[in-house]
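Let me begin by presenting the structure, written as structure tokens, before commenting on it.
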Amino acid sequence: NKRCRQKKNAINSFKTGGTCQAGEEMPPGVDESGANGTGPGSLMDPLEDPVPGLGTYEDFNTIDWVREKSKDRDRHREITKNSRRSTAALLHSISDAFSGWLLMLLVGLMAGALAGGIDIAAHWLTDMKEGICLDGFWFSHEHCCWKSSETTFKDRDRCPQWQTWGELITGTSEGAFSYILNYLIYIVWALFFAFLAVTLVRAFAPYACGSGIPEIKTILSGFIIRGYLGKWTLITKTVTLVLAVSSGLSLGKEGPLVHVACCCANILCHLFTKYRKNEAKRREVGLRFAYRPGLFLLMRAPSDLMCSSFLSPPQVSYYFPLKTLWRSFFAALVAAFTLRSINPFGNSRLVLFYVEFHAPWHLVELVPFIFLGIFGGLWGALFIKANIAWCRIRKTTRLGRYPIVEVLAVTAVTALVAYPNSYTRMSGAELISELFNDCSLLDSSQLCGYLQVGRRSSFSCSADRPAGPGLFTALWQLALALLFKMLITVVTFGMKVPSGLFIPSMAVGAIAGRLLGVGMEQLAYYNHDGLIFKGWCTPEADCITPGLYAMVGAAACLGGVTRMTVSLVVIMFELTGGLEYIVPLMAAAMTSKWVADAFGREGIYEAHIRLNGYPFLEPKEEFEHSSLAVDVMRPRRSDPPLAVLTQDSMTVGGALVESTRYSGFPVVVSQESPRLVGFVLRRDLLISIDNARKRQDGVVGASLVVFSEHPPAQAPDGPPPLRLRGIMDLSPFTVTDHTPMDITVDIFRKLGLRQCLVTHNGRLLGIITKKDILKHMAQIANRDPDSILFN
């Protein structure tokens, strides 16, 4: 404020209000020195030297991809030309060429280290809700029992060094009092972790909540959300992600890891000039590089980077050059090496759910696999509609004003219901791993106790296990866990804490698949001589693998929610190591997508993008309408005339920039001859005039602003004109008024345009922006366009 008060006379008339308000910063180009130019009397070009802030964008604006790419080409051409003149310039050219690879090395190291730390910390805090290690409170349950000589393979989760809270306080693990004590302490820890998570997000980084993938997709398309990928967001999301997962809420840490990796890339991009000063370059190379290793950290599937780039349309970009693919793969390699060195899972493997199925699948089983795909598609469509409806209620009612109360209420309900059921009490990743296995090692009397007396399992469970109350108890608990997961995930996703959706969606599908697999196993055992099972199923051999059904169900539900296909199949068989089961996964994934698309083609992330009003043109959404550019452009018949600048008759004190809030203005020859000359951004215009005021005392409101190459003659005693042709885009994209809108939409998608001018025989008629296209598409689809975007 002191600086602003000292220099308020230097603030031009374009600054709203012209007075200093609390927290107001100095306008770009005005410094404390007050240095002036050479004085009035000559044609002035304020762009002879670099102007700070020129070419930058305001918050919640869209970048101009074409202009940014042109700037980068000019920069690269200048470096290449200078490299032939001196050794220093040659070394600078070499360092510039290898800066992308160095950036990827740093991103992989940083993101991999953070992912490993998040895994270890979340595992430790999750176990702390149930007990503590006497050898050291920093040990998780599994690590505590590793070195115990009294641990057996059957009871590998039990050792004297690990004690529950009830056992530690009462001295015994038996009895109702000990159980109630453990129950209460479990709830208290869950509420404490959730309270810390939502409080830290609210206090330090509101952008750290949610998954982050919808916003990342929008940012990669060219939208500016300042602070979303900043250092405070990274620190807060890393800490609160651990707390949110440890609280037991129905969420995962895998989705937010993409946000974490992109934050790492954005911070590291500022170390390199060519990424720091070019928004398009930062998205093309820096952030998009990080999105791919972020996907690796999300599901630990390195080959998905190659598969999703070659075989599936890029879901987060308008432009994906081949060099970005190889550098992304290199970043994923570095992240994999870093994560392998940390070894957060303790099994020397990178995959999240490694399984080994011993029985091959049969062609007849494709029918239940397709049924799982139908279930996954129905669940995905239902979840998207229910979650969007709940989030809209949160936005439009008083519920959204109390995020802490909402998080604590959902956490309390989750802990109260989850603790009595062993399948909901464990973490989502642990539950999925349990359901994927052939035979549950943690509770062999339940998931492996399906078979009748006299039948022996051929795998890790060696005792005869009769099918009795244990089977029905396990199935009943799994059914209750399925209903609970389906309901609680709807209200959990979107709260003001970091929350991923991959693990909860996979958990729902894994439970449903395991239930169906158990039913098929029992059907095959009792009807092994039937027409369907005869010849390949006998009572002495396991012909049905319930864990495979859980894996297929998880893929189906995840595909129904996210609408992934090829990438999903690759992720699933890499997660589990089950390459021979790719056909069941493909059948379930395709069925899930077809069923879900029947109720709407939007995935959960696209639905949240539309809910928040972000200007994102979905590449997969087809535009099927016969409208023309003249039907969408502004101004329309009822609107006032288009706000334009003339090339040699505008003055510094003109009211046009003051009275409007447009982000840019077309430049025409004159009001009488509206032939298009170029396009100038509002921010560049204001910064240039501010810079001219700083350098020359004679700049007044009557000073002429000239965009033409040959300015008109000036009055002898008049103020010097300002030549601002250098800030004007001389080749703005234009379409004619009769251009079909489907072609216009493709132009915006593939070139990443922020606006396009409409002409007729060279005469300017109007302008089409990305928001105009989104609003037009929403109206065609009978959607409500009254959102943040259109207000």
Among L478, L475, L482, which residue meets the side-chain contact (heavy atoms from CB on, under 4.5 Å) test with R514?
L478
Taking side chain as C-beta onward, heavy atoms only, is T240 less than 4.5 Å from V497?
no
Specify the closest pair of heavy atoms between G560 and A596, including all atoms of both residues, with the distance to one decimal.
O-CB, 4.0 Å
Taken to the nearest 0.5 Å, the spacing of D127 CG from H123 NE2 works out to 4.0 Å
Heavy-atom donor-acceptor pair, T218 side chain to P214 backbone, under 3.5 Å
yes
Could you check if a side-chain atom of V583 sits within less than 4.5 angstrom of a side-chain atom of W361, using non-hydrogen atoms only?
yes
Spacing of OG belonging to S427 relative to CG belonging to L125, to within rounding of 0.5 Å
12.5 Å
Would you say Y581 and L548 make side-chain contact, with heavy atoms under 4.5 Å?
yes
Which atom pair, heavy atoms only, marks the closest approach of A524 to I544?
CB-CG1, 3.8 Å
My understanding is that only residues two or more places apart in sequence, or in another chain, count here; which of them pass salt bridge (charged side-chain N to carboxylate O under 4.0 Å, His left out) with K485?
none
A side-chain contact here means heavy atoms from C-beta on lying under 4.5 Å apart; do I213 and H259 qualify?
no
For the pair S433 (side chain) and A429 (backbone), establish whether a donor and an acceptor sit closer than 3.5 Å, ignoring hydrogens and angles.
no
Can you list every pair that meets side chain to side chain donor-acceptor pair (under 3.5 Å) and has a residue in residues 242-251, with sequence neighbours left out?
S250-T489
For M128, I'd like to know if atom CE has over 12 heavy atoms of other residues, nucleotides or ligands within 6.0 Å.
yes
List the steps, then state whether side-chain contact (heavy atoms from CB on, under 4.5 Å) holds for V569 with M564.
CA-CA 9 Å; V569 174; M564 294 192 302; over 6 Å; no
Verdict with supporting geometry, C391 and N387, side-chain contact (heavy atoms from CB on, under 4.5 Å):
CA-CA 6 Å; C391 290; N387 181 254; 3.8 Å; yes
For C557 versus S505, what's the shortest heavy-atom pair and its separation?
CB-O, 3.4 Å
Taking the ring centre of each residue, are F616 and H608 less than 6.0 Å apart?
no
Stepwise side-chain contact (heavy atoms from CB on, under 4.5 Å) test for L501 and Y605:
CA-CA 10 Å; L501 192 59; Y605 300 126; 4.3 Å; yes
Sequence neighbours left out, what passes side-chain contact (heavy atoms from CB on, under 4.5 Å) with L378? Give chain and number order.
I374, V595, F599
Once side-chain hydrogen bond (donor to acceptor under 3.5 Å, both in side chains) is applied, do any residues pair with N527, and if so which ones, sequence neighbours excluded?
none
Separation of M551 CE from L372 CG (nearest 0.5 Å):
11.5 Å
Any chance you could lay out the side-chain contact (heavy atoms from CB on, under 4.5 Å) test for S422 and Q477, step after step, and finish with the verdict?
CA-CA 8 Å; S422 60; Q477 288 185 346; 3.7 Å; yes
I want to check something: taking the side chain as every heavy atom from C-beta on, are K237 and P256 in contact at a cut-off of under 4.5 Å?
yes
Taken to the nearest 0.5 Å, the spacing of E430 CD from L435 CG works out to 10.5 Å
Salt bridge check: are E606 and R601 linked by an N-O gap of less than 4.0 Å?
no
How long is the straight-line distance from OH of Y186 back to CZ of R425, given to the nearest 0.5 Å?
7.5 Å
Just to verify, what does F375 make a ring-ring contact (aromatic ring centres under 6.0 Å, His included) with, not counting sequence neighbours?
none
Can you measure from OG1 (T492) to CH2 (W390) and round to the nearest 0.5 angstrom?
10.0 Å
By ring-ring contact (aromatic ring centres under 6.0 Å, His included), which residues pair with F484, not counting sequence neighbours?
none
Sequence neighbours excluded, every pair satisfying side chain to side chain donor-acceptor pair (under 3.5 Å) that has a member inside residues 362-377:
E365-Y549
Partners passing side-chain contact (heavy atoms from CB on, under 4.5 Å) against A121 (at least two apart in sequence or in another chain)
V242
How close do S499 and G494 get, counting heavy atoms only, and between which atoms?
OG-N, 3.9 Å
Does F139 CZ have over 12 foreign heavy atoms under 6.0 Å away?
yes
Can you confirm whether the thiol sulfurs of C159 and C144 sit closer than 2.5 Å?
no
Please report the closest heavy-atom contact between P584 and L366, naming both atoms and the distance.
CA-CD2, 4.5 Å
Kindly state each residue pair satisfying side chain to side chain donor-acceptor pair (under 3.5 Å) with at least one member in residues 587-600, sequence neighbours excluded.
R563-D597, K593-D597
In chain order, what residues pass the ring-ring contact (aromatic ring centres under 6.0 Å, His included) check against F383, with sequence neighbours excluded?
W379
Sorted by chain and residue number, the side-chain contact (heavy atoms from CB on, under 4.5 Å) partners of A481 (sequence neighbours excluded) come out as N421, Y423, T424, I511
Do E602 and I384 have side chains that get closer than 4.5 Å, going by heavy atoms?
no
Show the nearest heavy-atom pair for residues C145 and W162, with the distance to one decimal.
SG-CB, 4.1 Å
